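Right, one structure below, let's go through it.
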Amino acid sequence: QVQLVESGGGLVQAGGSLRLSCAASGRTFSSYPMGWFRQAPGKEREFVAAISYNGGSTYYADSVKGRFTISRDNAKNTGYLQMNSLKPEDTAVYYCALRLGYGVLTLLENYEYWGQGTQVTVST
């Protein structure tokens, strides 16, 4: 079993920054890729960013490329999402997820474990 707990969400003005954290416990966090997804009200959950098990490869949705940075500290069993130049359209609940199996990292159905989510609200 894996437990994932997100933190760091909140209310920020447009143009501001937030750093989300995802603390993992249970299985060996460092062995698996992780991802960040988000879900805005009335919309489907969508891919934001993903990172390989060792941090060597990263992937981003076009909508956040150049503004968001995904990283991980395997010694601390924690993943991060640094969000800069935030826009109102970034408002959503953000979820971290861990993929134990195989499959494309941008697809949410390929992730087995999910956190409870953290709210990010960007005001104009």
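These numbers were taken from a predicted model, which means no experiment stands behind them.
- At least one side-chain heavy atom of M34 sits under 4.5 Å from a side-chain heavy atom of C22.
- Ring-centre distance between Y59 and F47: not below the 6.0 Å cut-off.
- The cationic atom of R72 (NZ for Lys, CZ for Arg) does not lie both less than 6.0 Å from the six-membered ring centre of Y80 and within 45° of the ring axis.
- I70 CD1 to C96 SG: the interatomic distance, rounded to the nearest 0.5 Å, is 9.5 Å.
- Aromatic ring pairs are classed by plane angle as parallel below 30°, tilted from 30° to 60° and perpendicular above 60°; the pair Y94 and F68 is tilted.
- Between R45 and W114 the shortest side-chain heavy-atom distance falls below 4.5 Å.
- By the rule that hydrophobic residues join a cluster once side-chain heavy atoms approach within less than 4.5 Å of another member, L18 and Y95 end up as members of separate clusters.
- Looking at every heavy atom in both residues, Y111 comes nearest to A50 through OH-CB, 3.7 Å.
- Within the 4.5 Å cutoff, no side-chain heavy atoms of S57 are placed close to those of I51.
- Minimum heavy-atom separation, T124 to P88: CG2-CG, 3.5 Å.
- Pairing each heavy atom of A97 with each of L4, the nearest pair is CA-CD1, 3.8 Å.
- A heavy-atom distance below 4.5 Å is found between the side chains of T118 and L20.
- Residues V93 and Y113 do not share a hydrophobic cluster, clusters being chains of Ile/Leu/Val/Met/Phe/Trp/Tyr side chains in contact below 4.5 Å.
- Using a cutoff of 4.0 Å between basic side-chain nitrogens and carboxylate oxygens, K65 and D62 are scored as salt-bridged.
- Atom CD of E109 has more than 12 neighbouring heavy atoms from other residues, nucleotides or ligands inside a 6.0 Å radius.
- Nearest approach of Y53 to N74, heavy atoms of both residues: O-ND2, 3.0 Å.
- Looking at E6 and Q116, their side chains come closer than 4.5 Å, going by heavy atoms from C-beta outward.
- Considering every non-hydrogen atom in both A92 and A40, the closest pair reads CB-N, 3.8 Å.
- Between K43 and Q39, the closest heavy-atom pair is O-NE2, 3.1 Å.
- Hydrophobic clustering keeps F37 apart from Y60 (ILVMFWY residues linked when any side-chain heavy atoms are closer than 4.5 Å, directly or through intermediates).
- Remark: the backbone N or O of V122 is paired with a side-chain donor or acceptor of T91 at under 3.5 angstrom.
- Contact annotation: the side chain of N110 never approaches that of L105 to less than 4.5 Å [non-hydrogen atoms, C-beta and beyond].
- Two residues are said to be in side-chain contact when any heavy atoms from C-beta on lie closer than 4.5 Å; M83 and R19 fail this criterion.
- Counting heavy atoms of neighbouring residues, nucleotides and ligands inside a 6.0 Å radius, atom CD of E89 exceeds 12 of them.
- Under a hydrophobic clustering in which Ile, Leu, Val, Met, Phe, Trp and Tyr are joined whenever their side-chain heavy atoms come within less than 4.5 Å, directly or via other members, L98 and L81 fall into the same cluster.
- Of the inter-residue distances, the one linking S63 atom OG with D90 atom CG reads 7.0 Å to the nearest 0.5 angstrom.
- Remark: the backbone N or O of S25 is not paired with any side-chain donor or acceptor of N77 at under 3.5 angstrom.
- Salt-bridge check for E46 with R38: passed, with a basic side-chain N closer than 4.0 Å to an acidic carboxylate O.
- S17 has its side chain within reach of Q82: a pair of non-hydrogen atoms, C-beta onward, lies under 4.5 Å apart.
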